[in-house]
Amino acid sequence: MKGSVWSALPPVNTSSSESSKHIILAVASMDSASFFRDKSLGADSPISGLISLLVAVDALSHVVDDLGKQLVFVIFTGEAWGFLGSRRFLLELDQNSDAVNGLNSSLIDMILEVGSVGKGFSQGTKGFFAHTTQVSAATNETLNALKLAQHSLQSSGIDISRANASNPGIPPSSLMAFLRKVCDAVMRIPGNSQTSGVVLEDFDSAFTNQFYHSHLDDLSNINSSSIVAAASIVARTLYILASNKKDLTATSLSAINVNASLVEELMGCLLSCEPGLSCGLVNHYISPTNTCPSHYVGVLEGEPSSTPYPGYISDVSRFLWNFLAEKTSIPSESASSGCPKNCSGANHLCVRSEIDGKGVCVVSTTRYVPAYSTRLKFGSESWELLPPNSSDPMGLVDPVWTESNWRTIGLQVYTVQHAFYDTIVLLAGVSLTILAYLAILLIRSIINKALKQD
């Protein structure tokens, strides 16, 4: 099973009674689909956006001292199946569950989603398109931040354009789940009737990924330079939106630089079998059970929990949890010792524990959120299917997905013999038939002679 993962930068002090900061939510997706589930790579849609966000987190982890707003990164899974991850995340926020402890939905100012950005440098263009939900102060602020980030990267020739106003709305994205949530207490910006958000994509009015949800959406379908550019734009835009500084210039943003080699490394780890999940970066955090990555959402095993048994969580989700926990962390006083006995404080997490059984203790607000239908409820060691909620537009259309309990599927392969061998078999068969016919005639003749003599 894969679980959605969220992380706060800097960590949220859940034990403090001080007023929390307003939140900038940065979103990406981690799951794809295809005819063969083990071949669900989804290079452009959605992994290019995931890699861009991860690299942006890495860049921002070095400049968190002067942030006036809280940055929260959310990587959803189950989005290819009716936006399961984002719908469940919203319900957990409604219920103030342990999985989202530290988040206050009423404080979310803006949502920036990173979608398909792997083809932004194709067909002679070098740019991305910002799809917006509505005209609002928060939307305009985000668009201005995108433009300032673009200006600071002027030497790269990157262009950020607002999507065509004639578009019927935002493209299919996790943000759509937020927009369907109509409760005033959830994701509302005061004075607005809708959640404000921006989706960054590599297309304007027409979707450009012809291999969407296909095994052909692989490394050859994306451009690493495009992902590096998107990561740079996202990192600087998030910094502008969250910073206390109101006089930011292109020069002051030059200190925020993304690691281009990290993009290449993540592409090799998450989109290829060589090196795949056996790459050095993944092995720095976890001990993967498979080499070839697959971004199929998987099946929920056991009781849903924000602290699930690691064996029930997929390699990719565990890697993302450890990566985000370390990048968004601050050092712990017990960092020099092993985790199991010295990592029990508030917001203390043990990262890289799979490597040597000890790990490193850090202070980080990073959690799993199970991804399953909002119409399912677990209790008394069993699942209950809830009826559709007529008062909730999300509940009316929220699907419930099931999958057979597959056993190991195998097949036998037989090689085709050379044509010469087939010819020999045919001639041998014809010869045997002729010899059998002659033998029958001979035996018949002998029997007839024997009967006449009698």
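Side chains included, hydrogens not; waters and symmetry mates left out as well; all remaining heavy atoms used.
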Visitor: Using distance alone, with no hydrogens and no angle criterion, decide if R236 and N257 have a side-chain donor and acceptor under 3.5 Å apart.
Guide: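 Result is yes, a qualifying pair exists.
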Visitor: Within a strict 4.5 Å, meaning less than it, do heavy atoms of the P308 and Y368 side chains meet?
Guide: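 Yes - at least one pair of side-chain heavy atoms lies under 4.5 Å apart.
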Visitor: Are D109 and K69 within salt-bridge range, i.e. N to O under 4.0 Å?
Guide: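 Looking at K69 together with D109, the answer is yes, because their closest N to O distance falls below 4.0 Å.
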Visitor: Under the ring pair (Phe, Tyr, Trp, His ring centres under 6.0 Å) criterion, do Y372 and W81 qualify, and how do the steps go?
Guide: CA-CA 10 Å; Y372 59 95; W81 301 90; over 10 Å; no
Visitor: With no hydrogens and no angle check, just 3.5 Å: does a side-chain donor-acceptor pair link D202 and S116?
Guide: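 Their side chains do not contain a donor-acceptor pair, so the 3.5 Å distance test is not met.
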Visitor: Heavy-atom distance under 4.5 Å between the side chains of F319 and S314, does that happen here?
Guide: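 Of all side-chain heavy-atom pairs linking S314 with F319, none is under 4.5 Å.
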Visitor: Does the ring centre of H131 sit less than 6.0 Å away from the ring centre of F203?
Guide: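 They qualify: ring centres under 6.0 Å apart.
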Visitor: If we ignore angles and hydrogens, is there a donor and acceptor under 3.5 Å between the side chains of T328 and S364?
Guide: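 The answer is yes; a qualifying pair exists.
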Visitor: Consider only side-chain N and O atoms of D58 and N259, and report whether a donor and an acceptor are under 3.5 Å apart.
Guide: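 D58 vs N259: no donor-acceptor pair found between side chains.
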Visitor: So, T132 and T139: side-chain donor and acceptor under 3.5 Å apart, yes or no?
Guide: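 No pair is found: no donor N or O on one side chain lies under 3.5 Å from an acceptor on the other.
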Visitor: Can the SG atoms of C269 and C279 be said to lie under 2.5 Å from each other?
Guide: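 Yes, C269 links to C279 through a disulfide.
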Visitor: Is there a side-chain contact between V5 and R367, using heavy atoms and a 4.5 Å cut-off?
Guide: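 No, side chains not in contact.
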Visitor: Do S40 and S294 meet the criterion of a side-chain donor-acceptor pair at a distance under 3.5 Å?
Guide: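 No.
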Visitor: Fit a plane to each ring of F76 and F178, take the angle between them on a 0 to 90° scale, and name the class: parallel (under 30°), tilted (30 to 60°) or perpendicular (over 60°).
Guide: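 Rings of F76 and F178: tilted, 30 to 60°.
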Visitor: Check whether any side-chain heavy atom of L54 sits under 4.5 Å from a side-chain heavy atom of L266, and report yes or no.
Guide: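 Yes, side chains in contact.
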Visitor: Could I get the full list of side chain to side chain contact (heavy atoms under 4.5 Å, CB included) partners for A8, not counting sequence neighbours?
Guide: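 A8: side chain to side chain contact (heavy atoms under 4.5 Å, CB included) contacts with W6, V12, Q70, V72, T365.
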Visitor: Ignoring hydrogens and geometry beyond distance, is a side-chain donor-acceptor pair present between D159 and S161 at under 3.5 Å?
Guide: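 Yes, because at least one side-chain N or O of D159 sits under 3.5 Å from a partner of the opposite role on S161.
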Visitor: Salt bridge (Lys or Arg N to Asp or Glu O under 4.0 Å), that's the test. Do K119 and D44 meet it? Break it down for me.
Guide: CA-CA 7 Å; K119 302 169 77 67; D44 186 39; 5.4 Å; no
Visitor: Any luck finding a side-chain donor-acceptor pair between N13 and N347 under 3.5 Å?
Guide: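 N347 and N13 do not have a side-chain donor-acceptor pair below 3.5 Å.
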Visitor: Regarding R88 and S4, do their side chains bring together a donor and an acceptor under 3.5 Å, going by distance alone?
Guide: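 There is no such pair (donor and acceptor under 3.5 Å, judged by atom type) between the side chains of R88 and S4.
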Visitor: Give me the atom names and distance for the closest heavy-atom approach of S48 to G115.
Guide: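 It is OG-O, 4.0 Å.
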Visitor: Would you indicate whether the side-chain heavy atoms of S243 and L248 approach each other to under 4.5 Å?
Guide: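 Side chain of L248 against side chain of S243, heavy atoms only: contact under 4.5 Å found.
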Visitor: Scan side-chain atoms only and decide if E354 and Y285 contain a donor-acceptor pair under the 3.5 Å cut-off.
Guide: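 Looking only at side-chain atoms, Y285 and E354 do not form any donor-acceptor pair under 3.5 Å.
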